[in-house]
Asks: 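Please see the structure below; I have some questions.
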Amino acid sequence: MPLRSQHRRRRADRRGGGTPPADGAASGRGRVGQLTAQDRYQRSGPLPREGALWCADHFRGARGFRAAAPHAGERAFPLPRARALIEAALDEAALRPRLTDLRGAWRCHLSHPDGTPVRDGVGAGKGDPQSAQVGALYEALEHHRGAALPARGEPVELLTAAQLAGTDLARDPALEPLAASGGPGAAACRRYTALDHSGRTLPVPVFLTNPAYLECPADRRHELGDVLDYAPLSRFSTNSGTAIGATRDEALVHALAEAVERDAFSLLLAGTFLLARPSPLRLVRPASLPDHLQELYLSAGWHAGGSVALIDMTSDLGVPAFCAHTSRDGRAAQGQGASLSAEHAVRRALNELIQVVAIRRGERNPPADLRAVESHPRLLEAARADFDPHLAGARPRDFLPTGAPAAPREHLQRLTATLTGYGYRPYGRVLRTEPNGVTTVSVFVPGLERFFAVTAGACVVPGPRGRALGPG
């Protein structure tokens, strides 16, 4: 089953209202005479009737509440300018957005002027309302552009598994099943360019980065000369690494951060659920967070209706990455984030958890179909991603802030240098540039883990990076 990032199926159940849970409550460090973050939450008034559906808007008037969040130098423009750009891009493309408030997240649906829905034109945004609206607009266009099939006449390369084995894809988990798929023909590939300015290029099979390619009529693929049977390969298909930005550099930063985030989450899943001796979780002490992140942490707990565990999943790459987790009765929900700025990574993870909870509450999407992994107990545990049984043995640690560049270009350079320095050269391709510069890109980093796809019900196992964690 191909995995689409906008339909990540993290299972969740909600606890009822009440006071903030003692086991996860953070304590503020305000000066004498000021209310701490926790005090502001506890004194802001009685719980509304919906209890677990508490949203941060209730605290908007609380003293010291910070609605707008900085973006750690990852954004090219201030929020008003970014919004003007995406609205102009949508207008130029004759795409009409419809925004919906899900109380904790915003949803955007795109339609044509006649009202018909745009294929894959659905996005979601997180954070404060203005940021969430802008994020939803950008993501809706990203999903639409990212799902576009190779245009008729677009140059593609038809390569066999044996030919791909001579590239940086040699150790990719999808290569062996591709070779074993049998039948004539080869996979349609697009050429990506190394982001380290080495001049290297990499042919990447379209199916690996675009699930829509597998969902289109076979005749459409046959027009490209691609006659492969992709049924046994769809589990490896994911649009992870597709991103949009107001500029190319901004889009590439978002794409690389997502690749690092998904790699870290994949290693967290493998290390926790597949090893014979699971790795202890690294749990961030909420009281060690800066005040504004403590407030967001508490808000995430109110949205989830239960306690939140903030797991440090930073890998050997050294790029800060975190997972915000909540669970009840074995049904879990997570938000993840990675950034050169540890504060931004935490903010991203907590806001994403709030978004996941809001979407599931507001849209009542069904949980992931896990039938493909039901006969594999450890894969099933990884797919459910319930870290609660492992929290007792976790190793608490304080939050440690990190510095970050001030602009997207420097972020891109540092992320590229970091990945390349560890032997994971990133490659990128521009999928679409709008007339005003808004850009959708796809990145592929050979060697980074994509095991996270198991949480959507895909029957996959870790690649060499994940298997190196230890025996299962």
Side-chain angles (χ1 to χ4, degrees), residues 1-9 93-95 108-112 114-123 139-161 163-164 169 172-175 177-192 202-244 255 365 368-369 372 428-434 440-444 450 453 456-460:
M1 140 179 188
L3 175 67
R4 295 175 178 273
S5 64
Q6 68 267 38
H7 293 146
R8 283 173 286 183
R9 310 290 195 186
L95 301 175
C108 176
H109 291 82
L110 298 179
S111 63
H112 296 289
D114 63 2
T116 57
V118 171
R119 186 188 57 165
D120 293 294
V122 181
E139 187 173 86
L141 184 59
E142 171 202 318
H143 290 160
H144 175 56
R145 297 305 193 200
L149 304 178
R152 290 176 172 85
E154 177 184 336
V156 297
E157 301 173 62
L158 297 171
L159 299 176
T160 65
Q163 291 171 310
L164 291 170
L169 288 174
D172 192 275
L175 220 56
L178 177 61
S181 62
C189 301
R190 281 169 158 162
R191 185 68 59 168
Y192 284 52
L202 178 71
V204 178
V206 177
F207 84 90
L208 279 182
T209 61
N210 188 355
Y213 185 69
L214 305 183
E215 298 166 0
C216 73
D219 290 348
R220 180 69 175 83
R221 297 195 297 272
H222 294 172
E223 291 177 6
L224 302 172
D226 187 343
V227 296
L228 282 180
D229 175 15
Y230 282 104
L233 297 167
S234 63
R235 58 200 167 110
F236 296 101
S237 182
T238 165
N239 63 359
S240 180
T242 302
I244 193 171
N365 292 323
D369 182 353
R429 178 183 177 89
V430 172
L431 301 180
R432 179 73 175 244
T433 301
E434 310 301 328
T440 306
V441 303
S442 173
V443 302
F444 196 89
R450 303 195 302 276
C459 189
V460 294

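Numbering of residues begins at 1 and proceeds along the displayed sequence.
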Asks: Do the side chain of His112 and the main chain of Ala94 share a donor and acceptor less than 3.5 angstrom apart?
Replies: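 A pair under 3.5 Å: no.
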
Asks: Would you say the side chain of Val460 lies within less than 4.5 Å of the side chain of Pro173, judging by non-hydrogen atoms?
Replies: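 Side chain of Pro173 against side chain of Val460, heavy atoms only: no contact under 4.5 Å found.
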
Asks: Measure the shortest side-chain to side-chain distance between Arg450 and Thr238 over non-hydrogen atoms and say whether it is less than 4.5 angstrom.
Replies: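 Sidechains of Thr238 and Arg450: in contact.
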
Asks: Taking the side chain from His143 and the backbone from Asp120, do they hold a donor-acceptor pair closer than 3.5 Å?
Replies: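 It does not hold such a pair.
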
Asks: With no hydrogens and no angle check, is any side-chain donor or acceptor of Ser237 less than 3.5 Å from a backbone partner on Phe207?
Replies: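 Yes, Ser237 side chain to Phe207 backbone: donor-acceptor pair under 3.5 Å.
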
Asks: Which atom pair, heavy atoms only, marks the closest approach of Cys108 to Leu110?
Replies: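 Heavy atoms only, the tightest pair is SG-CD2, 3.9 Å.
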
Asks: Looking only at heavy atoms, what is the nearest atom pair of Leu175 and Leu169, with distance?
Replies: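 Between these two residues, the closest heavy atoms are CD2-O, 3.3 Å.
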
Asks: Looking only at non-hydrogen atoms, find the nearest pair between Asp226 and Ala188 and report the distance.
Replies: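 What the structure gives for the nearest pair is OD2-N, 3.2 Å.
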
Asks: Has Asn210 got a side-chain atom pairing as donor or acceptor with Ala148's backbone, closer than 3.5 angstrom?
Replies: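 Flag set: sc Asn210 to bb Ala148 pair under 3.5 Å.
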
Asks: For residues Cys189 and Leu164, determine if any side-chain heavy atom of one lies less than 4.5 Å from a side-chain heavy atom of the other.
Replies: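 Result yes, sub-4.5 Å side-chain heavy-atom pair found.
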
Asks: Flag the pair Leu178 / Leu228 as yes when at least one side-chain heavy-atom distance between them is below 4.5 Å, and no otherwise.
Replies: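 Answer yes - side chains close enough.
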
Asks: Would you mind reporting whether His144 and Ile244 have side-chain heavy atoms less than 4.5 Å apart?
Replies: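 Not touching, per the 4.5 Å side-chain cut-off.
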
Asks: So do Pro177 and Arg235 actually touch side chain to side chain, heavy atoms under 4.5 Å?
Replies: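 Counting from C-beta outward, Arg235 and Pro177 do come under 4.5 Å.
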
Asks: Is it the case that the side chains of Tyr192 and Ser442 hold a donor-acceptor pair, with the cut-off being a distance below 3.5 Å and no angle test?
Replies: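 A donor-acceptor contact under 3.5 Å links the two side chains.
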
Asks: Do Val122 and His109 touch side chain to side chain, with heavy atoms closer than 4.5 Å?
Replies: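 Yes, close enough: below the 4.5 Å cut-off.
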
Asks: Do Leu141 and Glu434 come close enough that some side-chain heavy atom pair is under 4.5 Å?
Replies: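 Leu141 reaches Glu434 side chain to side chain.
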
Asks: Search all heavy atoms of Leu208 against all heavy atoms of Ala174 and return the closest pair with its distance.
Replies: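 Smallest interatomic distance, heavy atoms only, reads CD2-CB, 3.8 Å.
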
Asks: Quick check: closest heavy atoms across Asp229 and Leu233, and the distance to 0.1 Å?
Replies: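 The pair with the smallest heavy-atom distance is O-CD1, 4.4 Å.
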
